[in-house]
Amino acid sequence: MKKKDILWGFSLILIIFFLVYPSTHEIFVGATKSYPYITGFVKVSLLATMGELLAIRIKDGDFIKPKGLILKSIVWGFIGVVFVIMFDLFSSGVLSAKSKGLLPTLSNSTLDRFVTAFFTSALMNLTFAPTFMSFHRVTDTCIDLGTTNLNRVLKSIDWSGFISFVVIKTIPLFWIPAHTLTFMLPGEYRVLSASFLSIALGAILALAKRPVANSNSNSNSNSKSL
């Protein structure tokens, strides 16, 4: 085990401790309620970036600083802000649809809670998730290539791999089940669950991304060891 592995793991332990220790947990929950967009930006920016670094560690055998790490963290933060409204939008939308008889309501409270969480997760992941994942792939490729030329960026993306793996496989097999469990939790614990899922999100999207055109020949100039 390398020093960087220990540092990454220690950083994760510190974050977990901050989130679960009673006094700091109250601070976190209070900040989330008072400043939802700011905390959404910070938590996803930090944890999804950690997920990306973990993916690089798995692929390359070391923690390598990717090109444009700060810019990528800012993009993750923006996505975190969008998550804040989308989580509430889909959760409230499913409850509204149930009240109008558009979705089933079961007599068993536990089973009904599960079905409600499932519908919320499924609708969110089948509609919103592909959109934001595509947005992330485009912005990430812009940063990797150092260009905003949309034609060049779109041609450099392996859309077939993106659809066949990220959309078709990870959404039904991982994200819908994971977010079903998340939406079954009380509101404050959904925040904690979503925070840690950001690590998986960053890792999955980073692992799924194939090297862009001509990136291998420039890898030494585009990245450096942390």
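Just so it is clear, the model here is predicted, and its values are computed rather than measured.
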Sorted by chain and residue number, the side chain to side chain contact (heavy atoms under 4.5 Å, CB included) partners of Phe119 (sequence neighbours excluded) come out as Val94, Leu103, Pro104, Val115
Under a 3.5 Å cutoff, is there a donor and acceptor pairing between the side chains of Ser164 and Lys169? no
Practice problem: Using only heavy-atom distances, determine whether the side chains of Ser156 and Thr141 contain a donor-acceptor pair under 3.5 Å. | Solution: no
Value for CD1 (Ile143) from OG1 (Thr148), rounded to nearest 0.5 Å, stands at 11.5 Å
Residues passing the side chain to side chain contact (heavy atoms under 4.5 Å, CB included) test with Ser198, sequence neighbours excluded, are Val44, Leu47, Ala48
Crowding at CZ, Phe18 (>12 non-hydrogen neighbours, <6.0 Å): yes
Kindly work out whether a path of hydrophobic side-chain contacts (I/L/V/M/F/W/Y, heavy atoms less than 4.5 Å apart) joins Leu111 to Ile176. yes
| request: Look at the rings of His179 and Phe183 and say which category their plane angle falls in: under 30° parallel, 30 to 60° tilted, over 60° perpendicular. | output: tilted
inquiry  = Under a 3.5 Å distance rule, please check whether Asp140 uses its side chain to pair with a backbone N or O of His136 as donor and acceptor.
reply    = no
Residue set satisfying side chain to side chain contact (heavy atoms under 4.5 Å, CB included) with Leu12, at least two apart, ordered chain then number -> Trp8, Ile16, Met50, Phe196, Ile199
Rounded to the nearest 0.5 Å, the CG atom of Leu145 sits from the NZ atom of Lys155 at a distance of 13.0 Å
CG of Leu53 to NZ of Lys4, rounded to nearest 0.5 Å, is 10.5 Å
Exercise. Is there side-chain contact between Thr139 and Val153, with heavy atoms separated by less than 4.5 Å?
Worked result: no
With a 4.0 Å cut-off, would you call Asp62 and Arg57 a salt bridge?
no
Here the gap from Glu52 atom CD to Ile204 atom CD1, rounded to the nearest 0.5 Å, amounts to 12.5 Å
Donor-acceptor check, side chain of Ser99 to backbone of Ser96, threshold 3.5 angstrom: yes or no?
yes
Rounded to the nearest 0.5 angstrom, the OG1-CG distance for Thr105 and Asn108 is 12.5 Å
Taken to the nearest 0.5 Å, the spacing of Thr120 OG1 from Phe87 CZ works out to 10.5 Å
Applying ring-ring contact (aromatic ring centres under 6.0 Å, His included) to Phe174 and not counting sequence neighbours gives none
Grouping I, L, V, M, F, W and Y whenever their side-chain heavy atoms are under 4.5 Å apart, do Met86 and Phe78 come out in a common cluster? yes
Ring centroids only, cut at 6.0 angstrom: are Phe132 and Phe128 within range, meaning strictly under it? yes
With sequence neighbours left out, the residues meeting side chain to side chain contact (heavy atoms under 4.5 Å, CB included) with Leu154 are Val138, Leu150, Trp159
Result for salt bridge (Lys or Arg N to Asp or Glu O under 4.0 Å) between Asp144 and one of Arg152, Lys72, Lys67 points to Lys72
Apart from Tyr21 itself, its cluster of hydrophobic side chains linked below 4.5 Å comprises Phe17
Open item on the list: Assigning hydrophobic clusters by single linkage (Ile, Leu, Val, Met, Phe, Trp, Tyr; side-chain heavy-atom cutoff under 4.5 Å), is Leu7 placed with Ile58?
Closed with: no
field: Asp158/Arg137 under salt bridge (charged side-chain N to carboxylate O under 4.0 Å, His left out): CA gap, chis, key distance, verdict
entry: CA-CA 10 Å; Asp158 175 23; Arg137 179 58 57 88; over 6 Å; no
Practice prompt. Could you state whether Leu126 and Phe118 fall into the same hydrophobic cluster, counting links through intermediate Ile, Leu, Val, Met, Phe, Trp or Tyr residues with side-chain heavy atoms under 4.5 angstrom apart?
Written response: yes
- request: Examine distances only and state if a side-chain atom of Lys2 and a backbone atom of Gly61 form a donor-acceptor pair shorter than 3.5 Å.
  value: yes
